Amino acid sequence: MENKNAHSKPESELEEKDNSRRNFLKQSAFITAVALTPAPAVKAAAMHLDEKIAEAFEKVPVKLEVNGVMHNLSVEPRATLLDILREQIDLTGTKKGCDHGQCGACTVHVDGHRVNSCLTLGVMASGKKITTIEGLAKGEELHPMQEAFLKHDGFQCGYCTPGQIMSAVACIREGHANSETEIREYMSGNICRCGAYPNIVNAIQEVKSGGQIV
Amino acid sequence: MNKHMENKILNKTSTLEGISRVDGRLKVTGKAKYSAEYSVKGITYGVLVPGTITKGSIKTLDIKKAEGAPGVLSVITYLNAPKVPGYQTDKPQAKGMLKIFYDEQIYFNGQPIALVIADSFERALFAASLVTATYNVEPHQTDLIKNRSNGFTPRKDYSRGEDDAYKNAPVKVEQEYFIPTEVHNPMELHAIIARWDADDKLTVFDKTQGIKATQKNIAQAFKLPPDNVQVTSPFVGGAFGAALRTWPHEIAAVLAAKVVKRPVKLVLSRADMFTSVGYRPLTWQKIGLGATADGKFVGITHEAAGQTSVYEDFTENSVNISQLMYASPNVTTRYKLVSLNVNTPTPMRGPGEATGAFALESAIDELSYALNMDPIELRLKNYADTDPLSGKPYSSKFLNDAYKLGADRIGWSNRNQKPGSVIEKGWLVGYGMGAGMFGAYRGSATVLARMMADGTLLLQTAVTDIGPGTGTAMVSIASDIMEIPAGKIKFDLGDSSLPPSPTQGGSSITSTVGSAVNDACKELQAKFQELNGTTESGKMDYVQILKKHNLQQLEVTTTSHGGPEQNKYAMYSWSVHFMKVLVHPATGVVKVDKAVSVADCGTIISNKTASSQIKGGTIMGTGMALMEEAVIDHRYGRLINNNFADYHVPVQADIPQVEALFVNKPDPYINPIGAKGMGEIATIGVAAAIANAVYNATGKRVRDLPITPDKLI
């Protein structure tokens, strides 16, 4: 699942990105023109046209490949990947726990690497491959880490679980799961308030020692 | 239903040991839906605007900019909010839950002054930043220690025997203990989606521990028939007490949905979580403990002063544990509340008892050193065989077994009675223990049990599962009685249209709802027997019987509650926690090296989930002991660490392997399943066990939590 060539993108994709930037600039020029014409602008505001203009100005096109499905979206530049996943694509498996990159509940894989999606703007992820908890299983067949979490009861309320599992998979892929201590260190960005930590460590160790491809 | 009927579970040791959570697959695949995650047509987003003063009133509010911001549908404040019918009472000055957007009064810092509703979260969040206010500022008080003399006594002081008898004992300990404010901080932010389906009909997807309580409270607030309020909450992302009440933000979301005539989603921010949904109150305590030279308690005096808000009196059982835990002939307890310009506390895991146990179990440890006696021996010397408060016999108590189990597992024999005398690889080593107890309750619950033609058993009741694995325990019970595999049983919960169940709190759900599942299954079995014309109980071919009688299904709805035995016996769950800690002599860093928690809480219904619950409680207690502290800058009355970077909770690197052990002996009286609660006792006593281990390691007694490195160097 990991994209080994995260930085080498096909030509066509780069071109499209340039196109979107051109579109964005065109829109900006339009807004400037409106702004320089006070009377119509005032009228526009009274008719709530300002919102429509603002909307055109505010939104930029973003292409996200999430769990193998391409999404062509129009998002505000300030929208986080987390909120886009949850509110626009209805992939609510990725959780919001703090919105400040302090709890890890929102962990997803971007081009194979774990990131806090609450600290990642959607525009930053454009053109990248994103894997969320919903994309980990192969149909009905759970990922080995999901199986291990079930077996070892690596959760209680389940809210931090998607982030823990995404982090755990990355932890092994990164080569940071060679001992209990190392796992604890590299899993410390994912808070579990129910206190499933020992069970989570046991689950990760089992997957690591099982030698399954994660 | 005869609740005294013979029960097969009673003498088994968890026949379903190893059963995985029945909802586990949904949780590991991201398919479990929490309150904010329902796809609702026409959804809008609410963001609260917190006030920035600590006491006074709003002078002016400027919402024009926010109203004009793109996508904003409404900005609700006390000036324009429609009246909440339930807020209009005959006694407007009476204390009670904060009335949101009710008037200009400000009682604490962070109190919401506006709610912005927009068509996207980003737009609502931005517009919320545009709301400004000016205030009439009044001097505030947020410091409990400074205001302790202004405390009042919310309930009668307690005394048995002679007042303050400890003072005349040959050996005594007299010390003050302090716990800071601790915040529940479940990982799921409190969230609600409110949708009016008609002028008098409402649906809420809401984070709550009490489905029926939320239904009733919202119905009361908006003067609706309770049946017109649908509450849906099948998954709750942790709560620990923080979702026991129907909070102001829930009322605000319902109000906002009325204003914008569209569904409103309101998710609290992590910062909001510190000021909106309660916390374990900062509490000062003093223990006077006296004993004879051979360790028999002469008297215990336990005083406490806890903080509450100015608009509501929140009391808890901080001192009660000293009345209950040991056989002391003389006990005096005094409890005061101090009203401050803070939001109201709310029960947090082991409410009161966790606070009290820190003081009492620390003091007993101090006494053990004064007597030069092993702390376990000292506790056994003062072991209560009947309830010291009521004089009633216990329904069951095997705490002494728990002491032994835990001591063996931690390696208590390696402990050196002399503090600061063991060093391993440059770290000071210490062992400590702390015990806990909590009332074991059984309420009333109604369960529908329906056997379907395909052999699937459906169980339904309006309980929630905040994490312990309620569904898993209920399926275990039903599977055992009906003798059908767990995979053939479906447990529906988290929906107000289901038969009533109580609020998940006070460690009472397995006892209460588990008994109702037990009784419903037995009643269903009896109905099958009757249908089949058989008299012998036990396994039946339900599918064949249904087929024979040409039935699609057979069902019962059973209400179950305790009887006279509830008053005949004193019912408690017990725990003891053993800790091995390492303390770095130069830096004062404390590492829990090994933790063993033992619970005496009757029959263990579901071994796997029960173990996790105990471990989780131990870890929460570790946070209480070593890191958690919500800090107010008293100059401004404002929290300065309302986020996970500054308010530290335990993370992976802080926690070793934790062992959970169970006495696993049934309680013969509390209910037909023999199980008592374990959620609270998992945390009660942990903080003292760690403080005691730190003393054993270093010779330094830390009486104010958390035990941060600065207090040890």
Side-chain angles (χ1 to χ4, degrees), chain A residues 45 50-51 54-55 58 76 78-79 83 86-87 90-100 102-103 105 132-134 136-137 142 145-147 149-151 153 155-162 165 180-181 183-202, chain B residues 20-21 23-34 36-37 39 45 68 70-71 120-123 126 184-189 235-240 267 269-270 465-469 608-609 611-613 615-620 643-645 649-658:
Chain A
D50 55 337
E51 280 179 27
E55 197 162 311
E58 280 173 7
E76 294 191 20
R78 61 187 168 187
D83 286 324
R86 283 172 67 84
E87 305 298 338
D90 199 26
L91 288 175
T92 55
T94 306
K95 304 303 182 195
K96 180 179 283 197
C98 72
D99 238 357
H100 285 59
Q102 296 166 343
C103 79
T132 70
I133 190 71
E134 291 95 339
L136 214 52
L142 294 182
M145 193 61 78
Q146 292 170 314
E147 287 287 4
F149 266 64
L150 271 177
K151 181 178 165 190
D153 208 31
F155 54 93
Q156 288 186 54
C157 79
Y159 197 78
C160 75
T161 314
I165 291 175
E180 239 185 90
T181 313
I183 292 169
R184 287 206 186 98
E185 195 63 34
Y186 281 88
M187 286 299 291
S188 281
N190 290 80
I191 298 175
C192 171
R193 191 59 164 154
C194 297
Y197 296 134
N199 299 359
I200 292 170
V201 167
N202 295 343
Chain B
S20 293
R21 281 170 201 269
D23 52 3
R25 203 181 162 90
L26 291 174
K27 287 179 175 178
V28 300
T29 53
K31 288 183 183 135
K33 288 234 177 255
Y34 298 81
E37 299 172 351
S39 189
Y45 298 81
S120 80
F121 170 66
E122 292 80 14
R123 288 172 151 191
F126 173 67
H184 308 70
N185 271 321
M187 293 316 296
E188 183 200 16
L189 301 161
F235 290 96
V236 178
F240 315 109
V267 181
S269 68
R270 186 51 66 182
D465 180 3
I466 59 175
K608 196 187 267 193
T609 52
S611 298
S612 294
Q613 196 177 359
K615 290 180 194 177
T618 309
I619 292 166
M620 188 165 267
N643 60 75
F644 273 142
V649 298
V651 298
Q652 268 290 4
D654 299 316
I655 300 301
Q657 289 291 343
V658 177

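The analysis underlying the following values was restricted to heavy atoms, covering all of them including side chains, and did not include hydrogens, waters or symmetry mates. All figures in this text were calculated on a predicted structure; none of them were measured in a lab. Chain letters run A, B, ... following the sequence lines, proteins first, then strands; residues in each count from 1.
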Handout entry: Interface moiety of B:P186 toward chain A, non-hydrogen atoms closer than 4.5 Å
Key = backbone

Exercise for the section: Determine the option with the most heavy-atom pairs under 4.5 angstrom with chain B, choosing from A:R184, A:M187, A:E87. Expected result: A:R184

Exercise for the section: Check whether any side-chain N or O of A:R193 sits under 3.5 Å from a backbone N or O of B:G238 as a donor-acceptor pair, and report yes or no. Expected result: no

Problem - Electrostatic pair A:R86:B:E37 at N-O distance under 4.0 angstrom - result: yes

Fill in the blank from the handout: Bottom line for A:E76: the part with an atom under 4.5 Å from chain B's heavy atoms is side chain

Practice task
Measure B:T609 against the heavy atoms of chain A and call it side chain, backbone, both or neither at under 4.5 Å.
Solution key: both

Handout entry: Reported CG-to-OG distance for the pair A:L150 and B:S20, which is rounded to 0.5 angstrom
Key = 5.5 Å

Fill in the blank from the handout: Pair count under 4.5 Å, heavy atoms only, with chain B: among A:L142, A:V201, A:D90, highest is A:L142

Problem - Side-chain donor/acceptor of B:R270 to backbone N/O of A:D99, under 3.5 Å - result: no

Completion exercise
When A:P198, A:C194, A:C192 are each screened for side-chain contact (heavy atoms from CB on, under 4.5 Å) with B:I619, the one that passes is A:P198

Handout entry: Cation-pi check, B:R21 onto A:F155 ring (under 6.0 Å, within 45° of axis)
Key = yes

Exercise for the section: Please name all residues satisfying ring pair (Phe, Tyr, Trp, His ring centres under 6.0 Å) with B:F235, sequence neighbours left out, ordered by chain then number. Expected result: B:Y34

Practice task
Measure from the side-chain N and O atoms of B:Q652 to the backbone N and O of A:Y197, and report whether any donor-acceptor pair falls under 3.5 Å.
Solution key: yes

Fill in the blank from the handout: Checked B:G469, B:A36, B:A653 vs chain A; the most non-hydrogen pairs under 4.5 Å come from B:A653

Practice task
Would you mind reporting whether A:Q146 and B:R25 have side-chain heavy atoms less than 4.5 Å apart?
Solution key: no

Handout entry: Top of B:N643, B:V267, B:I466 for chain A proximity - count of heavy-atom pairs under 4.5 angstrom
Key = B:N643

Problem - Distance, nearest 0.5 Å, that separates CD of A:Q156 from CG of B:D465 - result: 9.0 Å

Exercise for the section: Measure the CE-SG distance between B:M187 and A:C157 for me, rounded to the nearest 0.5 Å. Expected result: 8.5 Å

Exercise for the section: Name the region of B:V658, side chain, backbone, both or neither, that has any atom closer than 4.5 Å to a heavy atom of chain A. Expected result: both

Exercise for the section: Step by step, work out the side chain to side chain contact (heavy atoms under 4.5 Å, CB included) result for A:E147 and B:V28. Expected result: CA-CA 8 Å; A:E147 287 287 4; B:V28 300; over 6 Å; no

Problem - Region of B:A32 that comes under 4.5 Å of a non-hydrogen atom in chain A - result: backbone

Exercise for the section: Applying ring pair (Phe, Tyr, Trp, His ring centres under 6.0 Å), name anything that partners A:Y186, two or more places apart in sequence or on another chain. Expected result: A:H176

Problem - Atom group of B:S612 that falls short of 4.5 Å from chain A, counting heavy atoms - result: both

Practice task
May I ask you to establish whether A:K96 and B:F121 are in a cation-pi arrangement, using a distance under 6.0 Å from NZ or CZ to the six-membered ring centre and at most 45° from the ring axis?
Solution key: yes

Practice task
May I ask you to name which of A:G97, A:A79, A:A196 has the most heavy-atom pairs under 4.5 Å with chain B?
Solution key: A:G97

Exercise for the section: Over all heavy atoms of both residues, which pair between B:G30 and A:E134 is shortest? Give the atoms and the distance, please. Expected result: O-OE2, 4.1 Å

Handout entry: Gap between atom CD1 of A:I133 and atom NZ of B:K31 - 0.5 Å precision
Key = 10.5 Å

Exercise for the section: Flag the one option from A:I183, A:T132, A:T161, A:N199 with the top tally of heavy-atom pairs under 4.5 Å to chain B. Expected result: A:N199

Practice task
For A:E180, look at atom CD and say whether over 12 heavy atoms of other residues, nucleotides or ligands are found less than 6.0 Å away.
Solution key: yes

Problem - Most contacts with chain B, counted as non-hydrogen pairs under 4.5 angstrom, among A:G93, A:A105, A:G158, A:G189 - result: A:G158

